[in-house]
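Presented below is the structure to which this report refers.
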Amino acid sequence: MDKVGLYVAVFVVAFSISLVCTPLAKKIAVKLGAVAYPRKRDMHITPIPRMGGIAIVLGFIITLILFFPNINGLEIKQIIGIVIGGIIIFILGLLDDIYELKARVKLLVQVAAAVIAVYFDIRIEFVSLPFNEILNLNWFTIPCTIFWIVGITNAVNLIDGLDGLAAGVSSIASICLMILSIHSGHPTAVILTVILSASCLGFLPYNFNPASIFMGDTGSTFLGYMLSLISILGLLKGYTLGTVFVAVLILGLPIFDTFFAIMRRLLSGRPIMSPDRGHLHHRLVDKGYSHKHAVVTLYGVSGIFGLSAMGVMLSDMRFVLAIFIIMGILFYYNGRITEITNNRKNINH
């Protein structure tokens, strides 16, 4: 089987497993009492099952195991680390969706899963920044890798606040990582991104607004964990200058939203893990965006970050600048249209 045929087969299998397993995940969630009841900061108004991540995890793990023997270039040790760490994060999310675990407990388990990845040779061994030489991390390899994995895991978890947002943004990030991994020649990352994006897209029909099921921490932390590992394998192990910046850009939406959330909570004197209604998706809805409009807008932002990352990787800074100018113009007119629409609604009422 040639590479294109393999990628298509992998995508179809992962997508199908996720699509078929989502109704099953919904039944399991209801039976276990993992149901999201509306809270003050939430966007939904009716109880919704929240363990849809089961379908995403099954799509990813089963497809990886099925196709592993046919994939050249995958290191068995790293794949074992990905599977073991992913299952630990999956179980953590599962328990959190049922029992709502304390933040400290979740953080400790996430660190343990990150340590497992490091043990199985998934590490950031050097940093290559724009216009600088390669910096070997040496003793900082392990703490930097753990920080990256735990940080991205929680960043994706935090953006899971609107129907279809985390699944869609993770799909876009996966596709961008896939393209850049093909360009940089990292077959491990390519196949993993194909599987991950397909697993997300198979779940999305049930999760897009109006959602009949949420992925819950079962899915969002798993997606964050996998994106962190794939970015290490596909970008941060490369010697091309600027790979750290590229990785940050691809995951820009969850990273920057999490950064501002931490700063917001620190400045207000609250614990950084305390939930609030100040995330970007909350602000868009509060400004009058519909759920679908807000989600599609953030898809666009995520896509623009991804395109910018490709421009940086190809050393085409004019392309990057053009992308950000276009993003600014689109955001301005998008906001104006929303404002005009809301004014008309208010006049009609």
Side-chain angles (χ1 to χ4, degrees), residues 18 21-22 24-26 28-36 39 48-62 64-65 78-120 122 142-143 145-161 165-167 169-170 173 192 195-196 199-200 203 207 213-232 251 254-255 258 261-262 271-275:
S18 181
C21 288
T22 300
L24 174 62
K26 185 176 181 180
I28 294 173
V30 172
K31 190 170 184 178
L32 294 177
V35 178
R39 298 167 297 185
I48 296 178
R50 59 179 179 189
M51 283 170 57
I54 292 174
I56 296 174
V57 175
L58 288 175
F60 184 89
I61 298 294
I62 293 175
L64 182 60
I65 293 172
Q78 291 178 335
I79 296 302
I80 292 173
I82 289 169
V83 172
I84 294 175
I87 290 174
I88 290 173
I89 290 294
F90 165 64
I91 293 172
L92 173 66
L94 202 69
L95 293 174
D96 189 38
D97 283 337
I98 298 171
Y99 301 110
E100 297 191 8
L101 304 175
K102 293 183 179 179
R104 184 179 300 176
V105 174
K106 292 190 286 185
L107 182 60
L108 287 173
V109 178
Q110 289 168 2
V111 170
V115 170
I116 286 174
V118 170
Y119 177 78
F120 284 95
I122 301 173
I142 293 176
T145 303
I146 292 173
F147 177 80
W148 176 260
I149 293 173
V150 173
I152 299 301
T153 298
N154 284 287
V156 175
N157 183 36
L158 288 174
I159 65 165
D160 186 27
L165 181 57
V169 168
S170 296
L192 292 175
I195 298 173
L196 192 65
S199 300
C200 290
F203 171 72
N207 185 235
I213 186 171
F214 294 153
M215 69 170 63
D217 279 13
T218 306
S220 60
T221 52
F222 180 83
L223 289 178
Y225 184 77
M226 287 304 161
L227 283 170
S228 69
L229 301 191
I230 294 169
S231 63
I232 292 173
L251 299 167
I255 287 176
T258 300
I262 291 172
I272 61 172
M273 299 295 287
S274 62

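Just so it is clear, the structure is predicted and the values come from calculations on it, not from any experiment.
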- [ ] Rounded to the nearest 0.5 Å, what's the gap from CG on Asn157 to OH on Tyr225? Could you check?
- [x] 15.5 Å
- [ ] Give the minimum heavy-atom separation between Ser170 and Val156, together with the two atoms involved.
- [x] OG-CG1, 3.8 Å
Task: Side-chain heavy-atom pair Ile54, Ile28 within 4.5 angstrom cut-off - done: yes
Task: Distance-minimising heavy-atom pair for Gln78 and Phe120 - done: CG-O, 3.5 Å
Task: pair Ile152-Ile255: side-chain heavy atoms closer than 4.5 Å - done: yes
- [ ] Working to the nearest 0.5 Å, report the span between CZ of Phe222 and CG of Leu94.
- [x] 12.5 Å
- [ ] State, to 0.1 Å, how close Gly52 and Ile213 come at their nearest heavy-atom pair, and which atoms those are.
- [x] CA-CD1, 3.5 Å
Open item on the list: Consider side chain to side chain contact (heavy atoms under 4.5 Å, CB included). Of Asp217, Thr221, Val150, which one does Lys106 pass it with?
Closed with: Asp217
- [ ] Please step through side chain to side chain contact (heavy atoms under 4.5 Å, CB included) for the pair Leu251 and Trp148, ending with a clear verdict.
- [x] CA-CA 11 Å; Leu251 299 167; Trp148 176 260; 3.9 Å; yes
Open item on the list: Minimum heavy-atom separation for Ser18 and Phe203, please, with both atom names.
Closed with: OG-N, 3.3 Å
Task: Considering all heavy atoms, the nearest Ile116-Gly85 contact - done: CG2-N, 4.2 Å
TODO: State the CG-CE distance between Asp160 and Met215, to the nearest 0.5 angstrom.
DONE: 5.0 Å
Task: Inter-residue atom distance Ile89.CD1 - Ile87.CD1, 0.5 Å rounding - done: 11.5 Å
Open item on the list: Quick check: closest heavy atoms across Ala167 and Cys200, and the distance to 0.1 Å?
Closed with: O-CB, 3.7 Å
TODO: Let me know which of Leu101, Asp97, Thr153 forms a side chain to side chain contact (heavy atoms under 4.5 Å, CB included) with Leu92.
DONE: Leu101
TODO: Using atom types as modelled and distance alone, determine if a side-chain donor or acceptor of Asp96 lies under 3.5 Å from a backbone N or O of Thr218.
DONE: no
Task: Close side-chain approach of Ile149 and Ile232, heavy atoms under 4.5 Å - done: yes
Task: Distance (rounded to the nearest 0.5 Å) between Leu223 CG and Phe60 CZ - done: 9.5 Å
Task: From Thr258 atom OG1 to Ile159 atom CD1, the distance as rounded to the nearest 0.5 Å - done: 8.0 Å
TODO: Before giving the answer on side chain to side chain contact (heavy atoms under 4.5 Å, CB included), spell out for Ile195 and Met226 the whole-Å C-alpha distance, their side-chain angles and the decisive distance to 0.1 Å.
DONE: CA-CA 11 Å; Ile195 298 173; Met226 287 304 161; over 6 Å; no
Task: Worked check of side chain to side chain contact (heavy atoms under 4.5 Å, CB included) between Leu64 and Leu192 - done: CA-CA 8 Å; Leu64 182 60; Leu192 292 175; 3.9 Å; yes
Open item on the list: Run the side chain to side chain contact (heavy atoms under 4.5 Å, CB included) test on Ile61 and Ile65 for me, step by step, so that the C-alpha distance in whole Å, both residues' side-chain angles and the decisive distance to 0.1 Å come before the verdict.
Closed with: CA-CA 6 Å; Ile61 298 294; Ile65 293 172; 3.8 Å; yes
